[in-house]
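As a basis for the values below, the full set of heavy atoms in this structure was taken, side chains included, without hydrogen atoms, waters or symmetry mates. Nothing fancy with the numbering, it's 1 onward along the sequence. Bear in mind the structure is a predicted one, so any value in this text is a computation, not a measurement.
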Amino acid sequence: MNTSNERFLCRLKEMRKAKGLSQGRIAELAGVGRQAVYDMESGKYVPNTAVALRLARILDCRVEDLFSFEEPEIERPVTLVDCQEATGTRVAIAKIGERLVGYPLDAKSLPGGSFQPAGGLLAPGRGAVRLIETEDRLEKIALVLGCDPAFALLGAHIARKVSDAGVHCRFASSQSAVERLAGGYAHLAGIHFHSDSDSGDTNLAFAREGMKGRRALLVGFSLFEEGIMVAAGNPRGIRSVEDLAGKGVRFVNRERGAALRTLLDDMLRRKGFTGKAIRGYDRIVGDHARGAQMVAYNLADGALGLRAVAASWGLDFVALETVRCDFVVPAEFMEHPAVSIILDVLQTRAFQREISALPGYEASCTGSIIGEV
């Protein structure tokens with residue numbers, strides 16, 4: 001009998017049925033009683049080595065194909081980010097340095113409406129998680145924060161190169177991504193800041209300021225067009241940011257800290273406008289896809305976003321600027337198993353071709369070292 005706390009898993013029933021054998025017949029062939037077969041299949045009895053070997057030979061399989069013990073639940077302390085501490089909550093887990101960091105698997109940070117596999121479930125008590133992902137696997141997963149939708153392509157390209165490493169991409173504004181990277185809550189941050197007419201900020205300058213003295217590299221990811229997503233045919237005749245400030249145009253904005261909102265505010269200031277002139281300036285959506293959805297469903301006439309996102313929703317697009325998206329890569333993570341593979345993937349022709357195939361994207365900077373932070 002199995003007296004341990006481990007759960008005995010037996011696949012004898014399905015494997016003997018696949019061979020067309022009854023309980024009585026396989027008991028006879030294995031030299032055991034029918035009750036023993038019943039007890040094995042119901043998880044009440046763990047066979048000895050000789051019986052297990054005979055059954056494996058009869059069914060032409062390995063012993064481990066027939067019998068195993070379920071991995072015991074492992075609880076580990078976790079640092080939670082943006083997560084309510086409710087027992088059973090599904091969380092994405094990454095090992096960053098020597099600690100586990102957990103983020104909620106919610107639609108706000110994982111746009112697209114699909115479910116994503118969890119790394120663990122919040123355990124009873126404060127700050128602990130029951131792991132679903134193995135600890136070895138967690139060592140080889142990179143957590144990427146940023147708002148370029150093309151980050152989603154990385155997972156498939158990594159899988160084509162190796163089977164034991166992966167990437168978890170979460171939506172965050174450029175400012176939030178750098179702040180959390182500097183705080184030790186991610187492996188990489190994707191940023192795309194615009195040159196400002198007053199301060200002249202660039203990705204490199206912002207990364208140097210945001211990383212607060214931590215050494216890092218800035219590596220190019222993509223170039224893409226940003227602007228205003230409008231309904232097919234552009235029925236409101238929107239051609240520039242000035243057109244948002246009249247004609248009763250219904251607009252939806254992005255949150256403070258989002259690079260696109262910074263661009264909008266800068267352009268409005270140059271033209272002598274403020275956000276008060278725009279109907280809907282204070283209506284906020286959390287990402288490009290939600291803005292596109294509002295326009296597609298005729299709940300707004302214009303929303304900030306990318307040409308590629310507009311095209312995916314069948315919308316028209318008013319280009320405002322082409323910007324470069326870069327990865328901020330802390331020096332201590334350069335040799336991380338998944339981070340090093342991401343950097344290799346950026347150099348491949350296959351990845352660069354796929355980036356270039358996205359509407360409004362270009363890969364001339366992809367994989368290039370932009371500078372040191």
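- A donor-acceptor pair under 3.5 Å links the side-chain atoms of Ser42 to the main chain of Tyr38, judged by distance alone.
- Judged purely by distance below 3.5 Å, without hydrogens or angles, the side chains of Ser364 and Glu362 pair a donor atom with an acceptor atom.
- The pair Lys140-Asp136 does not meet the salt-bridge criterion, since no charged nitrogen lies less than 4.0 angstrom from a carboxylate oxygen.
- In terms of modelled atom types and a separation under 3.5 Å, the side chain of Arg214 and the main chain of Leu181 share a donor-acceptor contact.
- The heavy-atom pair separating Val285 from Arg254 by the smallest distance is O-CD, 3.5 Å.
- Taking the salt bridge (charged side-chain N to carboxylate O under 4.0 Å, His left out) definition, one finds that Glu354 meets it with nothing, sequence neighbours left out.
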Side-chain donor-acceptor contacts of residues 20-29 below 3.5 Å, not counting sequence neighbours, with atom names and distances?
residue, atom, partner, partner atom, Å
Ser22, OG, Arg25, N, 3.1
Gln23, NE2, Glu41, OE1, 2.9
Arg25, NH1, Glu28, OE1, 3.4
Arg25, NH1, Glu28, OE2, 3.2

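- A salt bridge links Arg180 with Asp82: the distance from a Lys NZ or Arg NE/NH1/NH2 to an Asp or Glu carboxylate oxygen falls below 4.0 Å.
- Between Phe221 and Phe151, the ring planes are perpendicular. Angles over 60° get that label, and only those under 30° would be called parallel.
- Listed for the Arg170 side chain is no donor-acceptor partner under 3.5 Å among the backbone atoms of Leu145.
- At least one donor-acceptor pair under 3.5 Å links the side chain of Asp316 to the backbone N or O of Gly233.
- Ring-plane geometry between His336 and His187 is classed as tilted, the angle between the planes lying from 30 to 60 degrees on a 0 to 90 degree scale.
- Between the side chain of Arg99 and the main chain of Pro77, no donor-acceptor pair closer than 3.5 Å is present.
- In this structure, Thr348 contributes its side chain and Val345 its backbone to a donor-acceptor pair below 3.5 Å.
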